[in-house]
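The sequence lines fix the lettering, A, B, ..., with proteins before strands; numbering per chain opens at 1.
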Amino acid sequence: MSTAVVWFRNSLRIHDNPFLSWACNSEEVDSIVPVFLLDGYLTSVRDGEIGFNRFRFLVDCLKVLRDNLEKKMNLELKIYTGGALRNIESIFQNLDGENNFLAYEYCNKPRGLMLSSQITEWSMKTPKNCIVKSFPAVHTLLDIEKTISSPTYFDPKSMKNMERIFMNNFDVDSFGYYNINEPIPVPNKTKTNANVSISVNDISISELELELGTLFPDRLNERHYFRGGEDEALDRLSRKIAKQEDFVNRFSKPRTCSTNLDDNPSEPSTTGLSPYITTGCISVRMLWKECEKAYLNGEHTKPPESLHGQLMFREMFYLLSRSVDNWDKSTNNINCKNINWDEYDSEKMDSWESGMTGFPYIDAMMRQLDETGWMHHLGRHAVSCFLTRGQMWQNWTAGRDVFEKKLLDADWAVNNGNWLWLAGVAPFSMPYYRIYNPCPDSKSSLNVETKHANFIRRWVPELRFFPSKYIFEPHLAPLSIQISSKCIIGDDYPLPILDRKKTRKENLARFKASIT
DNA sequence: GGATCCGTTGTAGCT
DNA sequence: AAGCTACAACGGATC
């Protein structure tokens with residue numbers, strides 16, 4: 001009697017799931033226990049490191065995973081909280097028989113890597129015979145460890161570099177596309193569900209929902225813009241990719257902003273798939289292949305702007321997160337220039353995080369982030385530039401933490417990579433003098449209704465009666481306009497926390513002084 | 001080996 | 001009113 005413990009770490013899905021499929025198909029396995037280990041997750045939520053939307057989304061994902069495992073494979077997902085290593089040990093102590101397996105996916109994060117090696121070490125000592133089977137490239141296209149240990153590997157910092165790495169790892173087919181494996185279908189045979197009766201740290205979905213309600217009682221009735229889980233992910237894939245050939249072929253990341261900043265925040269102008277990629281509700285391989293199907297039918301954009309390009313940047317950050325020491329630090333990180341950022345200023349940081357800087361475009365973005373867990377990529381550029389080298393001169397790690405807490409697509413490798421990039425401290429192409437204007441719509445001065453202005457009215461309702469001409473810098477509006485717009489600046493909406501032109505000039509000089 | 005090009009997405013001010 | 005120009009000027013790859 002041999003049992004496989006199938007440990008879902010990043011990939012909360014049953015399609016294209018190599019470790020689950022292996023357990024279902026292997027002759028060596030008689031029964032299966034699917035598990036998800038919260039590890040320190042609940043502590044992070046309680047400590048305020050993970051916010052409402054992220055927690056809510058994860059619970060959704062787990063619920064759908066549980067239901068799919070039950071409905072389609074007659075397996076019961078077990079969820080445990082507390083230390084992951086201790087969970088694994090007690091699960092195996094309660095398993096009968098020998099030749100039991102632990103099938104899990106590779107994890108790139110420091111804590112995950114440490115757990116992997118601790119588990120391997122423990123498995124070699126355990127008399128209960130736990131055979132560890134680690135599956136690489138479940139959450140990424142590349143096998144991260146294999147790629148970075150290749151003698152030809154070097155830290156990539158451009159799309160050209162990534163293309164070289166892809167060429168070294170994948171053959172190119174007769175159409176000129178990388179030969180990336182087809183996704184694995186949902187296993188069509190299953191095994192019996194092994195019964196592990198450990199009650200210690202066992203936690204149910206309804207207990208998680210209770211916890212969510214206890215921690216965020218005033219947010220439970222909010223509208224949820226993204227529903228978590230594999231079903232929603234596959235549905236979105238079908239809606240936005242499979243049935244949208246033109247959209248896929250024309251996709252160009254820098255030019256997706258014209259349609260996003262409207263009053264329909266539930267439908268981004270990009271794919272809106274990022275929360276599902278982060279949680280592994282959709283497999284990146286499947287997304288890659290779906291894009292390729294559209295590409296085969298005509299002209300299409302290319303990396304870096306294309307959807308394949310976006311996925312390649314994700315691979316780039318996963319590689320760097322492993323090959324660059326201190327990837328998430330602003331010191332002792334070869335990918336981070338030493339900038340003399342100001343001390344953490346909690347007043348400034350609070351106004352940035354809560355959308356009360358007095359810069360409506362910035363505030364609208366930050367309020368959208370808090371309510372929906374999502375922000376358009378150009379908004380991310382604007383608010384991160386504002387926080388760091390543009391205006392506030394705060395360390396990028398402070399902004400990174402806020403994104404980590406609130407973004408549904410928060411991903412350790414990608415989030416840090418993007419902040420390094422946007423703060424201008426990484427060796428990626430970001431000339432430091434390219435500073436984004438926090439009041440960006442030149443048309444507003446002509447009193448033209450713009451998408452940006454409507455976007456601000458949607459998310460900063462204090463300003464909903466303001467004319468476009470003044471909506472980016474409402475403190476410049478004459479008092480008569482403020483009165484007729486029912487919003488007195490400094491009273492109903494904050495005055496700007498800083499002089500954007502003055503800080504821009506000073507910071508440009510400081511940045512230059514820091515790097516030369 | 002010095003010059004030139006390039007890098008996923010700039011801004012301000014003028015006409 | 002969109003398009004031009006000046007700004008400020010990194011750092012590695014390529015020729």
Side-chain angles (χ1 to χ4, degrees), chain A residues 152 154-166 248 250-261 268-271 274 291 300-317 320 324 334-339 359 361-362 365 375-391 414 417-452 468-469 472-473 476 499-516:
Chain A
T152 59
F154 59 96
D155 291 339
K157 59 185 188 59
S158 67
M159 192 44 67
K160 258 205 178 95
N161 294 164
M162 280 313 292
E163 273 162 357
R164 202 148 104 194
I165 288 172
F166 266 51
V248 173
R250 281 205 284 261
F251 189 92
S252 180
K253 190 76 178 277
R255 284 188 279 280
T256 52
C257 98
S258 62
T259 55
N260 84 299
L261 300 175
S269 62
T270 45
T271 65
S274 58
C291 293
H300 58 86
T301 52
K302 301 267 156 54
E305 289 93 357
S306 64
L307 279 167
H308 274 188
Q310 305 313 307
L311 290 174
M312 290 171 81
F313 275 119
R314 179 174 181 273
E315 300 288 313
M316 174 168 126
F317 288 145
L320 291 171
V324 173
I334 53 159
N335 259 26
C336 180
K337 288 173 192 141
N338 236 329
I339 303 294
F359 289 90
Y361 183 65
I362 301 296
M365 291 291 174
M375 194 196 297
H376 187 270
H377 74 279
L378 287 184
R380 300 181 195 199
H381 283 210
V383 301
S384 58
C385 185
F386 186 87
L387 181 90
T388 56
R389 67 203 162 83
Q391 270 74 33
V414 180
N418 278 323
W419 274 94
L420 285 160
W421 196 324
L422 265 299
V425 295
F428 316 133
S429 69
M430 174 49 77
Y432 67 83
Y433 45 84
R434 188 175 290 166
I435 293 174
Y436 297 87
N437 186 349
C439 310
D441 206 316
S442 61
K443 283 195 177 110
S444 65
S445 62
L446 304 166
N447 211 2
V448 170
E449 288 303 317
T450 66
K451 294 267 185 192
H452 284 62
S468 295
K469 184 174 180 179
F472 289 91
E473 293 182 275
L476 297 180
D499 179 333
R500 70 175 171 96
K501 289 183 180 168
K502 185 165 153 270
T503 49
R504 180 190 200 275
K505 212 172 157 199
E506 286 167 0
N507 293 347
L508 200 58
R510 285 170 92 177
F511 206 104
K512 184 187 169 185
S514 293
I515 59 174
T516 48

Pairs satisfying salt bridge (charged side-chain N to carboxylate O under 4.0 Å, His left out), at least one member in residues 507-516 of chain A, at least two apart: A:Asp342-A:Arg510

Rounded distance in Å - CG (A:Leu311) to C1' (B:dT8): 14 Å

Go through the structure and list residues passing side-chain contact (heavy atoms from CB on, under 4.5 Å) with A:Glu473, not counting sequence neighbours. A:Cys439, A:His475, A:Leu476, A:Arg500

Which part of the nucleic acid does A:Phe313 contact within heavy-atom distance under 4.0 Å: base, sugar-phosphate only, or nothing? base

Starting from C1' on C:dA1, measure out to NZ on A:Lys469 and report it in whole angstrom. 16 Å

Is there a side-chain contact between A:Phe313 and A:Lys253 (heavy atoms, below 4.5 Å)? no

In whole angstrom, give the distance that lies between atom CD of A:Gln310 and atom P of B:dT9. 12 Å

Taking atom C1' in both B:dC5 and C:dA9, compute the distance separating them and give it to the nearest angstrom. 14 Å

Need one value for A:Arg500: base, sugar-phosphate or nothing, where a base atom within 4.0 Å counts as base even if backbone is also close, heavy atoms only. sugar-phosphate

For B:dG1 and C:dT14, measure between their C1' atoms and round to the nearest Å. 12 Å

Phosphate OP1/OP2 of B:dT11: any A:Arg434 side-chain N/O under 4.0 Å: no

Please pick, from B:dT8, B:dT9, B:dA12, the nucleotide with the shortest atom-to-atom distance to any side-chain atom of A:Leu378. B:dT9

Taking atom P of B:dT9 as reference, at what distance in whole Å does atom CD of A:Glu305 sit? 8 Å

Salt bridge (charged side-chain N to carboxylate O under 4.0 Å, His left out): which pairs involve residues 417-428 of chain A, sequence neighbours left out? none

Go through the structure and list residues passing ring-ring contact (aromatic ring centres under 6.0 Å, His included) with A:Tyr436, not counting sequence neighbours. A:His381

Roughly how many Å is it from CZ in A:Phe472 to C1' in B:dT11, rounded to a whole number? 15 Å

According to side-chain contact (heavy atoms from CB on, under 4.5 Å), who are the partners of A:Pro303, at least two apart in sequence or on a separate chain? A:Met159, A:Glu163, A:Ser306, A:Met312

Is A:Asn437 close enough to B:dG10 that one of its side-chain N or O atoms is under 4.0 Å from OP1 or OP2 there? no

Nearest whole angstrom, please: distance from the C1' of B:dA12 to the CD of A:Glu473. 13 Å

Both distances under 3.5 Å, Watson-Crick or G-U wobble: on that basis, could you give the dot-bracket string for DNA chain C, with [ ] for crossing pairs and | for other-strand partners? .||||||..||||||

On a whole-Å scale, what distance lies between the P atoms belonging to B:dA12 and B:dT8? 24 Å

Applying salt bridge (charged side-chain N to carboxylate O under 4.0 Å, His left out), name anything that partners A:Arg504, two or more places apart in sequence or on another chain. none

Using the P atom as the point on both nucleotides, what is the distance between C:dA6 and B:dT9, in whole Å? 23 Å

Between the side chain of A:Glu305 and the main-chain N/O of A:Gln310, is any donor-acceptor distance below 3.5 Å? no

According to the interplanar angle, ranging from 0 to 90°, do the rings of A:Phe428 and A:Trp421 count as parallel (below 30°), tilted (30 to 60°) or perpendicular (above 60°)? tilted

By salt bridge (charged side-chain N to carboxylate O under 4.0 Å, His left out), A:Arg434 pairs with (sequence neighbours left out) none

Rounded to whole angstroms, how far apart are NE2 on A:His376 and P on B:dT8? 18 Å

Measure the distance from NE2 on A:His381 to C1' on B:dT8 and round it to the nearest whole Å. 8 Å

Protein-proximity profile, nucleotides 10-15 of chain C, B/S/- by nucleotide at the 4.0 Å heavy-atom cutoff, equals BSS---

